[in-house]
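Side chains are part of it too, since the values below use all heavy atoms of this structure and drop only hydrogens, waters and symmetry mates. Remember, it's 1-based here, ligands and their atoms both numbered in the order they're listed.
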Amino acid sequence: MQLLKPTKKYAESWWEAIREFETENRKGFWNIPDKPTDIDEYIQRTADHAQGKNMPDWFVPATTYWLIDNEKFVGNVNIRHKLNDKLKKEGGNIGYAIRPTERQKGYGSKILELAIPKAKEIGLQKVLITCDDENIASAKIIEKNGGKLHDKNIVDGKLVRRYWLNLGR
Ligand SMILES: CC(C)(COP(=O)(O)OP(=O)(O)OC[C@H]1O[C@@H](n2cnc3c(N)ncnc32)[C@H](O)[C@@H]1OP(=O)(O)O)[C@@H](O)C(=O)NCCC(=O)NCCS
């Protein structure tokens with residue numbers, strides 16, 4: 001099991017996963033401002049965003065990784081290099097999603113575990129991670145990986161938890 005930057009090698013299972021995510025009406029799991037149409041373009045855009053290039057004003061530099069297991073795309077994680085006002089309230093530094101057909105197998109816990117050294121490589125010493133108060137699975141994943149509950153706030157009518165996770169040096 002490994003985290004890789006988006007790559008053509010696993011593009012087919014990534015497209016399958018996109019179709020799975022779409023069945024649950026989830027937006028934004030591709031971690032770029034709008035839906036990708038082509039793998040080459042997606043690879044270029046995620047590479048650019050990791051360097052803070054070619055992105056809208058409201059977007060912060062961010063690195064996307066794919067979780068690959070058994071030669072298949074399982075999920076993705078997006079590491080935001082800094083926080084803006086919106087991300088401070090909801091979104092935080094790290095967001096992740098596991099494709100619907102691969103949930104409840106431990107991948108969610110693993111993707112955050114593997115993202116922590118990547119966040120350190122980016123130079124982050126602590127990360128904010130948020131989840132909906134009712135997202136029990138995500139709260140467990142964050143706490144299991146050392147996140148400490150900071151507070152809970154109403155954002156757009158729903159209760160959102162904010163956790164800080166110290167990465168140390
Ligand atoms: C949240 C999400 C990443 C969890 O992924 P996952 O691969 O199912 O997570 P895991 O298998 O590692 O499960 C983590 C824990 O949550 C529990 N869990 C998983 N799904 C659950 C559910 N639907 N209800 C209750 N508990 C659940 C697991 O049993 C496990 O508990 P344990 O630590 O006591 O063993 C996945 O559901 C997802 O991608 N959801 C949509 C995107 C999202 O919500 N991302 C997080 C944004 S904050």
Side-chain angles (χ1 to χ4, degrees), residues 1-6 10 13-36 42 46 49 58-119 122 124 126-167:
M1 199 184 314
Q2 55 182 338
L3 283 187
L4 295 179
K5 299 260 178 78
Y10 301 108
S13 64
W14 175 68
W15 283 117
E16 278 168 23
I18 286 199
R19 286 191 285 274
E20 287 177 17
F21 282 120
E22 281 174 343
T23 63
E24 60 176 13
N25 244 346
R26 185 171 299 279
K27 288 193 185 130
F29 53 81
W30 44 76
N31 297 313
I32 59 173
D34 40 81
K35 188 181 168 185
Y42 184 71
T46 49
H49 295 351
W58 56 270
F59 214 73
V60 301
T63 307
T64 296
Y65 288 99
W66 287 357
L67 182 65
I68 304 296
D69 194 27
N70 298 318
E71 297 295 303
K72 215 168 70 172
F73 173 94
V74 172
N76 62 14
V77 59
N78 187 239
I79 307 175
R80 271 80 74 164
H81 303 192
K82 55 186 182 184
L83 298 170
N84 59 21
D85 288 345
K86 186 172 180 294
L87 291 169
K88 279 179 194 160
K89 289 187 199 139
E90 186 178 22
N93 291 105
I94 301 186
Y96 40 82
I98 300 300
R99 62 190 284 185
T101 53
E102 296 292 345
R103 290 188 188 152
Q104 302 202 35
K105 299 179 184 174
Y107 286 124
S109 308
K110 198 71 193 167
I111 204 167
L112 181 56
E113 183 189 322
L114 294 174
I116 289 171
K118 303 290 187 193
I122 289 165
L124 296 169
K126 61 176 191 168
V127 285
L128 181 70
I129 310 179
T130 75
C131 70
D132 289 0
D133 191 51
E134 60 190 28
N135 193 340
I136 304 299
S138 192
K140 279 187 170 180
I141 289 168
I142 301 165
E143 288 170 13
K144 211 188 279 187
N145 279 286
K148 301 278 178 268
L149 184 62
H150 180 66
D151 60 9
K152 298 185 186 189
N153 300 288
I154 303 280
V155 182
D156 295 334
K158 60 181 175 16
L159 196 55
V160 174
R161 297 186 189 201
R162 297 199 296 176
Y163 288 88
W164 282 104
L165 201 164
N166 274 312
L167 305 180

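- Protein heavy atom in closest approach to atom 39 (O) of ligand 1: Ile98 N, 2.7 Å.
- Put simply, the side chain of Arg99 gets close to the backbone of Phe73: a donor and an acceptor are under 3.5 Å apart.
- Taking CH2 from Trp14 and CZ from Arg19, the interatomic distance works out to 10.5 Å, rounded to the nearest 0.5 Å.
- Taking a 6.0 Å sphere around CD of Glu134, one finds it holds 12 or fewer heavy atoms contributed by other residues, nucleotides or ligands.
- No more than 12 heavy atoms of other residues, nucleotides or ligands sit less than 6.0 Å from atom CG of Asp156.
- Among protein heavy atoms, atom 37 (O) of ligand 1 sits closest to Arg103 CD, 3.2 Å.
- Scanning the protein heavy atoms around atom 13 (O) of ligand 1, the nearest turns out to be Ser109 OG, 4.2 Å.
- Between Thr130 and ligand 1, no N or O atom pair is found at a separation short of 3.5 Å.
- At under 3.5 Å, not a single nitrogen or oxygen of Ser138, backbone or side chain, sits near a nitrogen or oxygen of ligand 1.
- Under the 4.0 Å distance rule, the nearest protein heavy atom to atom 28 (C) of ligand 1 falls outside the cut-off.
- Residue Lys158 places its NZ atom among more than 12 non-hydrogen atoms of other residues, nucleotides or ligands, all under 6.0 Å distant.
- With a 4.0 Å heavy-atom cut-off, ligand 1 is reached by the side chain of Ile141 but not by its N, CA, C or O.
- Proximity to Gly106 (heavy-atom distance under 4.0 Å) selects the following atoms of ligand 1: 10 (P), 11 (O), 12 (O).
- Residue-ligand proximity, Ala97 to ligand 1, at heavy-atom distances under 4.0 Å covers atoms 39 (O).
- Separating the CD1 atom in Ile94 from the OH atom in Tyr163 is a distance of 14.5 Å, to the nearest 0.5 Å.
- Counting the atoms of ligand 1 from 1 in the order shown, those under 4.0 Å from a heavy atom of Lys144 are 32 (P), 33 (O), 35 (O).
- The nearest protein atom to atom 7 (O) of ligand 1, hydrogens excluded, is given as Gly108 N, 2.9 Å; this is a heavy-atom distance.
- Remark: side-chain polar atoms of Arg162 are not paired, donor with acceptor, to backbone N or O of Leu128 under 3.5 angstrom.
- Atom CD in Glu102 sits 7.5 Å away from atom CD in Glu20 (nearest 0.5 Å).
- Taking only nitrogen or oxygen atoms, main chain and side chain alike, Glu102 does not reach within less than 3.5 Å of ligand 1.
- With 3.5 Å as the limit, one finds no donor-acceptor pair spanning the side chains of Asn78 and Asn76.
- Atom 24 (N) of ligand 1 is never approached by the protein to below 4.0 angstrom, counting heavy atoms only.
- Note: Tyr42 and Trp66 have parallel aromatic rings, judged against thresholds of 30 and 60 degrees for the angle between ring planes.
- Protein heavy atom in closest approach to atom 3 (C) of ligand 1: Tyr96 CD1, 3.8 Å.
- Annotation: atom 18 (N) of ligand 1 to nearest protein heavy atom, Ala137 CB, 3.5 Å.
- For ligand 1, the atoms closer than 4.0 angstrom to any heavy atom of Cys131 are 48 (S).
- With hydrogens and angles disregarded, no donor-acceptor distance shorter than 3.5 Å links the side chain of Asp133 to the backbone of Val160.
- For Lys105, the NZ atom sits in a packed shell: over 12 heavy atoms of surrounding residues, nucleotides or ligands are nearer than 6.0 Å.
- Residue-ligand proximity, Lys105 to ligand 1, at heavy-atom distances under 4.0 Å covers atoms 11 (O).
- For atom 8 (O) of ligand 1, the choice among Lys140, Gln104, Glu24 with the nearest heavy atom turns out to be Gln104.
- For atom 16 (O) of ligand 1, the nearest protein heavy atom is under 4.0 Å away.
- When only non-hydrogen protein atoms are considered, atom 44 (O) of ligand 1 lies nearest to Asn135 ND2, 2.9 Å.
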